Asker: 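Pasting in a structure now, in structure tokens, and then I'll have a few things to ask.
Please read these numbers as outputs of a predicted model, since none were measured by experiment. Order of the sequence lines fixes the chain letters, A, B, ..., with proteins taken first and strands second; residue numbering starts at 1 for each chain. These values consider heavy atoms only, across backbone and side chains, with no hydrogens, waters or symmetry-generated copies.
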There are 2 protein chains.
Amino acid sequence: MINIRLSVAIHVLSLISTDSTLSSEKIASSVNTNPVVIRRISSDLKKAGILTSKVGVPGSSLTRDPSDITLFDIYKAVHIEKELFPIHNNPNPDCHVGKKIQHTLNVTFESVQTAMENELKNKTLESVMNHLNE
Amino acid sequence: MINIRLSVAIHVLSLISTDSTLSSEKIASSVNTNPVVIRRISSDLKKAGILTSKVGVPGSSLTRDPSDITLFDIYKAVHIEKELFPIHNNPNPDCHVGKKIQHTLNVTFESVQTAMENELKNKTLESVMNHLNE
DNA sequence: GAAGGGTGTAACAATTACTGTTACAACTCA
DNA sequence: TGAGTTGTAACAGTAATTGTTACACCCTTC
């Protein structure tokens, strides 16, 4: 478990895609949080090229169709760059296991993380919104 | 993800499988942590039926062959039960999106988590140890 | 049966990350 | 001009994780 940013970001983008004039205040009331939390996440999404906005002007717009935005795009935008499974530091290099454990687990965990990321790539904002409209 | 328990647990099990007489003190010196951290993780692994040990007797043993212990077994043993991607609480039910976002994301995130877990199920302690011995 | 050394576990400190919040500069538009 | 907004820094509160001390209880050996 990491944080709720991905879920908030998807919520935000779902709202924006149907109404590009919503202020952070209004979005916050739908998400049930503070407007600054919304602006913070919007800022990440903006840096990632997923949405645009103008200082002083309420609202923001998607830069492309929801079918072209994968959950992985959103995930990358709002998550700190770090490994899914961190590995303990400074294992004892004088030990047969300690000497190689970090490299071994790096390789192992990387494929697990990739499997997770591929599944996020298979899902788009559009598919989530379709589910919301069912 | 969140913590280094999975990587420490794999380290511990790799050591135990080649020497079932190692004390938590010795294991801790290979992992480079405090013996209590090792005993805490060993306790989880014991509850999960992956290893056995006796109070007062140094060492512990695997209950089955490393080829029968998947990384998912270890993951379940040492991780708090919780979702990979948590979802924000109390979205506004008066909003079209807020009303359904939690259920929708639950379904969506579940399949992502399953993809990750399946990859963990595909890897065994034996395969990790083979990599350590290369 | 006493001593030394283990395990199991509770309790607490230190650290870190996340969320919520206040504050404010800079900007837009009526 | 003034109300309302975005973008962002700064900080408090909370929660989770790890490391650590402490100690009851249990072997094993002498």
Side-chain angles (χ1 to χ4, degrees), chain A residues 1-9 11-12 15-16 19-48 50-61 75 77-91, chain B residues 1-9 11-12 15-16 19-48 51-61 77-91:
Chain A
M1 184 229 253
I2 312 177
N3 56 42
I4 61 177
R5 273 178 236 158
L6 178 59
S7 95
V8 172
H11 191 149
V12 168
L15 289 171
I16 287 174
D19 184 350
S20 61
T21 69
L22 290 171
S23 67
S24 61
E25 175 98 28
K26 285 181 184 154
I27 294 174
S29 86
S30 171
V31 173
N32 190 33
T33 185
N34 191 290
V36 174
V37 172
I38 301 302
R39 296 205 285 272
R40 203 143 56 191
I41 284 176
S42 294
S43 169
D44 288 338
L45 294 168
K46 191 173 181 179
K47 281 172 193 154
I50 295 173
L51 58 76
T52 59
S53 59
K54 276 191 200 161
V55 171
V57 183
S60 39
S61 308
Y75 170 76
V78 300
H79 270 82
I80 310 297
E81 186 73 31
K82 65 183 171 190
E83 308 301 322
L84 186 56
F85 296 105
I87 299 172
H88 52 291
N89 288 322
N90 307 316
Chain B
M1 176 174 283
I2 294 301
N3 57 41
I4 61 179
R5 272 178 238 158
L6 178 58
S7 95
V8 172
H11 191 148
V12 168
L15 289 172
I16 287 174
D19 184 349
S20 60
T21 70
L22 291 170
S23 67
S24 61
E25 175 96 28
K26 286 183 184 151
I27 294 174
S29 87
S30 172
V31 173
N32 190 33
T33 185
N34 191 289
V36 174
V37 173
I38 302 301
R39 297 206 283 271
R40 202 141 58 189
I41 285 176
S42 294
S43 168
D44 288 339
L45 295 168
K46 192 173 180 178
K47 282 173 194 154
L51 59 75
T52 59
S53 59
K54 276 192 202 159
V55 172
V57 183
S60 38
S61 308
V78 300
H79 269 82
I80 307 297
E81 185 72 34
K82 61 188 172 186
E83 308 301 322
L84 185 58
F85 296 106
I87 300 172
H88 52 290
N89 288 322
N90 306 316

Asker: Using whole Å, what does the distance between atom P of nucleotide C:dG8 and atom CG of B:N34 come to?
Answerer: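 After rounding, the gap between these two atoms is 15 Å.
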
Asker: Mind calculating the distance between NE2 (A:H88) and C1' (D:dT17) to the nearest angstrom?
Answerer: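 The distance from NE2 of A:H88 to C1' of D:dT17 comes to 16 Å, rounded to the nearest Å.
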
Asker: At how many degrees, to 10°, do the end axes of the helix from C:dG1-D:dC30 to C:dA30-D:dT1 meet when each uses five pairs?
Answerer: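 About 10°, once rounded to a multiple of 10°.
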
Asker: Does any N or O in the side chain of A:S7 come within less than 3.5 Å of the main-chain N or O of B:H88, such that one atom is a donor and the other an acceptor?
Answerer: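 Yes, A:S7 side chain to B:H88 backbone: donor-acceptor pair under 3.5 Å.
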
Asker: For nucleotides 4-11 of chain D, give me one character per nucleotide, 5' to 3': B if any protein heavy atom sits under 4.0 Å from the base, S if the only such contacts are to the sugar-phosphate, - if neither.
Answerer: BBBBBBB-

Asker: At what distance, to the nearest 0.5 angstrom, does CD1 of B:I27 lie from CD1 of B:I41?
Answerer: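 These two atoms lie 10.5 Å from each other.
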
Asker: Tell me the interatomic distance from B:N89, atom CG, to D:dT14, atom C1', rounded to whole angstroms.
Answerer: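 So the two atoms are 14 Å apart, to the nearest Å.
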
Asker: Roughly how far, to the nearest 0.5 Å, is the CZ atom of B:R5 from the CZ atom of B:R40?
Answerer: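 Going from CZ on B:R40 over to CZ on B:R5, the span is 8.0 Å.
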
Asker: Rounded to the nearest 0.5 Å, what's the gap from CG on A:L51 to NZ on A:K46? Could you check?
Answerer: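 Going from the CG atom of A:L51 to the NZ atom of A:K46 covers 8.0 Å.
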
Asker: Judged by atom type as modelled, is there a donor-acceptor pair below 3.5 Å linking the side chain of A:S20 to the main-chain atoms of A:G59?
Answerer: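 No, the answer is negative, given that no donor and acceptor are paired below the 3.5 Å cut-off.
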
Asker: May I have the distance from A:D44 (atom CG) to C:dC18 (atom C1'), rounded to whole angstrom?
Answerer: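 Taking CG of A:D44 and C1' of C:dC18, I get 13 Å after rounding.
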
Asker: For A:N3 and D:dT17, what is the distance between atoms CG and P respectively, to the nearest whole Å?
Answerer: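 Checked: the CG to P distance equals 14 Å.
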
Asker: About how many Å separate CG of A:L45 and OG of A:S60, when rounded to the nearest 0.5 Å?
Answerer: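 Rounded to the nearest 0.5 Å, the OG-CG separation comes out at 9.0 Å.
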
Asker: Just how far, in rounded Å, is P of D:dT18 from CG of A:N90?
Answerer: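 So the two atoms are 15 Å apart, to the nearest Å.
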
Asker: Run the side-chain donor-acceptor check on residues 28-38 of chain A: report pairs under 3.5 Å with partners two or more places apart or on a different chain.
Answerer:
{"unit_1": "A:S29", "atom_1": "OG", "unit_2": "A:K26", "atom_2": "O", "d": "3.0"}
{"unit_1": "A:S30", "atom_1": "OG", "unit_2": "A:H11", "atom_2": "NE2", "d": "2.9"}
{"unit_1": "A:N32", "atom_1": "ND2", "unit_2": "B:N90", "atom_2": "O", "d": "3.0"}
{"unit_1": "A:N34", "atom_1": "OD1", "unit_2": "A:V36", "atom_2": "N", "d": "2.9"}

Asker: Within the 4.5 Å heavy-atom criterion, are B:D19 and B:L15 side-chain neighbours or not?
Answerer: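 Counting from C-beta outward, B:D19 and B:L15 never come under 4.5 Å.
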
Asker: Under 4.0 angstrom, heavy atoms only, what part of the nucleic acid is A:S60 near: base, sugar-phosphate, or nothing?
Answerer: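 Nothing, no nucleic acid heavy atom in range.
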
Asker: Expressed in angstrom and rounded to an integer, what is the separation of B:I4 atom CD1 from D:dT17 atom C1'?
Answerer: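 Taking CD1 of B:I4 and C1' of D:dT17, I get 9 Å after rounding.
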
Asker: I need the NZ-P distance between B:K82 and C:dC18, as an integer number of Å.
Answerer: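 Roughly 12 Å, once rounded to whole Å.
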
Asker: Under the criterion side chain to side chain contact (heavy atoms under 4.5 Å, CB included), I'd like the reasoning laid out for B:N3 against B:I80: C-alpha separation, chi angles, the key distance, then a yes or no.
Answerer: CA-CA 10 Å; B:N3 57 41; B:I80 307 297; 5.8 Å; no

